[in-house]
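Numbers here are sequence positions counted from 1.
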Amino acid sequence: MFFKDFGRSTADLLNDDFTYKRKLKIKLPTPDGVTWTSEGELSSKGVMAKLAAKYKHPSGISLDKLEFKSDGRVLGEASLDVDSKLKLWVSAEDGRQDTGKPIKSHGKLGVEYVSPGILSALSDVDVVNGPTVNGSVVVNLAGKRGLLAGFQATYNTQLDEKDQKPEFLDYNVGLAKVNTSWEASVRSYHKMSNLQFSLLSRVNPQVTFGAQLDYQVDKNTQGMTIGGCFRPDADIRLSAKMSSTALLSIAYTQNLNKFAHLLLSAEVDAKDWASDSHKFGLGLTLSA
C-alpha cells in the first residue's frame with residue numbers, strides 16, 4: 001500500500017457507484033492484445049468524449065494509457081516492471097489549454113518500490129512544471145498486524161522561474177490499520193491543514209459499510225459521509241450514502257450479461273425535497 005492509498009477503499013465505496021452524468025462506455029479487446037476504450041459523457045457542461053488504448057507486452061513493458069479527449073487534450077502513460085519489487089513509469093499530458101483554467105500539462109518520470117510486509121515508496125519528478133519532486137514512503141510498523149505509517153511531500157524547485165524561491169507545495173502524514181475484515185486510517189491533506197478519518201468494515205461477502213470524516217483544522221469545520229453496499233448476488237450491487245449536509249444518494253449496478261453493465265444513481269437533498277437540486281445518473285458499459 002502506498003501513501004495515496006490511505007483511505008482509498010472507503011473513498012471508492014462512497015464514490016465509485018455515484019455518478020450523476022449520462023455515460024456510455026465501450027471496451028473492445030483486439031487479438032494482438034490492445035484494449036480500446038471509447039467513452040461518451042453528457043453533463044450540464046456539454047458532451048465529453050474519450051478514446052483510449054491499453055497494451056501490456058510479455059517483456060514487462062506496458063502502455064497503461066494512451067488517451068485522446070474531445071477537448072483537445074492528449075495523455076500518455078507507460079511503465080516497466082523491472083522485477084517483482086521495482087517499477088518505472090512515465091506520464092505526459094498536453095494539448096489545448098483553456099484560458100483561466102489550471103494548467104494540466106505535465107511530463108513525469110516516476111519509480112515505485114515495494115518490499116512486501118516492510119515498506120513501499122513512490123517518487124516522481126515533473127520535469128515540465130518546476131521541476132517538481134513528489135515522494136512518499138509507507139513503513140509497516142507491526143508486521144502481519146498491518147499497522148502502517150506514512151509520509152508524503154511535494155517540493156517545487158522553481159528552476160524554471162528565476163524570480164521564485166523553491167518551496168514545499170505540500171507535506172502530509174498518515175497512519176493506517178489494515179486487515180481482511182476492516183480498515184481504518186487517518187491522514188492529512190494540504191500541508192496538514194485538513195485531516196481525514198476513514199473506516200471500512202466488510203461485515204460479510206455481501207455487506208460492506210464505510211464512513212469518512214473530514215476535519216479542517218484551520219477553520220474548525222467538519223463534514224462526514226456514511227454509506228454501504230449490499231450484493232444480493234454476483235451480478236447486482238445496491239449502494240447508499242448520506243452526508244452531514246443531508247445529501248442522500250442511492251445507486252444500483254447490474255451485470256446485464258457478460259457484455260453489458262448498467263449503473264443507475266440518484267442524489268436528493270433531504271433538507272429540501274421540493275428543490276430542483278436533485279441529480280440523476282445513468283451509465284452503460286459494453287465490452288466484447
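In terms of modelled atom types and a separation under 3.5 Å, the side chain of H190 and the main chain of D170 share no donor-acceptor contact. Counting only distance, with no hydrogens or angles, the side chain of H261 and the backbone of G283 share no donor-acceptor pair below 3.5 Å. The backbone N or O of W182 sits less than 3.5 Å from a side-chain atom of N179, completing a donor-acceptor pair. Judged by distance alone, with hydrogens and angles left aside, the side-chain atoms of D5 form a donor-acceptor pair with the main-chain N or O of F2 at under 3.5 Å. Although no hydrogens or angles enter the test, the distance criterion places no donor-acceptor pair under 3.5 Å between the side chain of S185 and the main chain of A176. The backbone N or O of K108 sits nowhere less than 3.5 Å from a side-chain atom of S91 that would complete a donor-acceptor pair. No side-chain donor-acceptor contact under 3.5 Å links S79 to the backbone of L88.
W89 and V74 end up in different hydrophobic clusters when Ile, Leu, Val, Met, Phe, Trp and Tyr side chains are linked at under 4.5 Å. At a threshold of 4.5 Å between side-chain heavy atoms, the hydrophobic network of Ile, Leu, Val, Met, Phe, Trp and Tyr places L75 and L63 in two separate groups. Both F230 and L264 are members of a single hydrophobic cluster when ILVMFWY side chains are connected at heavy-atom separations under 4.5 Å.
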- [ ] Starting from the C-alpha separation in whole Å, work towards a yes-or-no answer on side chain to side chain contact (heavy atoms under 4.5 Å, CB included) for T157 and T132.
- [x] CA-CA 6 Å; T157 64; T132 301; over 6 Å; no
Open item on the list: Using side chain to side chain contact (heavy atoms under 4.5 Å, CB included), reason through W36 and T30 one step at a time and then give a plain yes or no.
Closed with: CA-CA 8 Å; W36 291 95; T30 61; 3.7 Å; yes
- [ ] Go through the steps to decide whether Q196 and D214 satisfy the test side chain to side chain donor-acceptor pair (under 3.5 Å), and finish with yes or no.
- [x] CA-CA 5 Å; Q196 184 180 82; D214 292 285; 2.9 Å; yes
Open item on the list: Determine whether T37 and L28 satisfy the following criterion, side chain to side chain contact (heavy atoms under 4.5 Å, CB included), listing intermediate values before the conclusion.
Closed with: CA-CA 6 Å; T37 301; L28 180 64; over 6 Å; no
Open item on the list: As a quick check of understanding, evaluate side chain to side chain donor-acceptor pair (under 3.5 Å) for Y215 and N220, giving each step before the final call.
Closed with: CA-CA 7 Å; Y215 176 65; N220 194 28; 2.8 Å; yes
- [ ] Please lay out, stage by stage, how K27 and K25 fare under the test side chain to side chain contact (heavy atoms under 4.5 Å, CB included).
- [x] CA-CA 7 Å; K27 294 182 179 181; K25 181 186 292 186; 3.9 Å; yes
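Counting only heavy atoms from C-beta outward, the side chains of Y252 and Q254 approach each other to under 4.5 Å. The shortest side-chain heavy-atom distance between K54 and V34 does not fall under the 4.5 Å cut-off.
Under the 6.0 Å distance and 45° angle rule, R187 counts as a cation-pi partner of Y189.
In this structure, F197 places its CZ atom where more than 12 heavy-atom neighbours from other residues, nucleotides or ligands lie under 6.0 Å away. Within a 6.0 Å sphere centred on NZ of K177, other residues, nucleotides and ligands contribute more than 12 heavy atoms.
The two atoms that bring F3 and G174 nearest to each other are CE1-N, 3.5 Å, heavy atoms only.
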Check: residues 199-208 side-chain donor-acceptor pairs under 3.5 Å, at least two apart:
unit_1	atom_1	unit_2	atom_2	d
R202	NH1	T180	O	3.4
R202	NH2	E183	OE2	2.7
N204	OD1	Q206	N	2.8
N204	OD1	V207	N	2.8

Scan the side chains in residues 236-244 for donor-acceptor partners under 3.5 Å anywhere in the protein, sequence neighbours excluded, and list what turns up.
unit_1	atom_1	unit_2	atom_2	d
R237	NE	D17	OD2	2.7
R237	NH2	D17	OD1	2.8
R237	NH2	D17	OD2	3.3
S239	OG	D17	OD2	3.0
K241	NZ	L14	O	2.7
S243	OG	T245	N	3.3
S243	OG	T245	OG1	2.8
S243	OG	L247	N	3.2
S244	OG	M224	N	3.0

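Note on ring orientation: taking the six-membered ring where Trp is involved, the planes of F168 and Y171 are perpendicular (angle over 60°, cut-offs 30° and 60°).
Neither side chain, Q212 nor T10, offers a donor N or O lying under 3.5 Å from an acceptor on the other.
Salt bridge status for E93 with R73: present, with a side-chain N to carboxylate O gap under 4.0 Å. The pair D83-K85 does not count as a salt bridge, with every side-chain nitrogen at least 4.0 angstrom from each carboxylate oxygen. Under the 4.0 Å criterion applied to side-chain N and carboxylate O atoms, K258 and D235 are not assigned as salt-bridge partners.
Screening N172, N134, D124 against T154 for a side chain to side chain contact (heavy atoms under 4.5 Å, CB included) leaves a single residue, N134. For the side-chain hydrogen bond (donor to acceptor under 3.5 Å, both in side chains) test with K56, the passing option among D64, T35, D81 is D81; the others fail.
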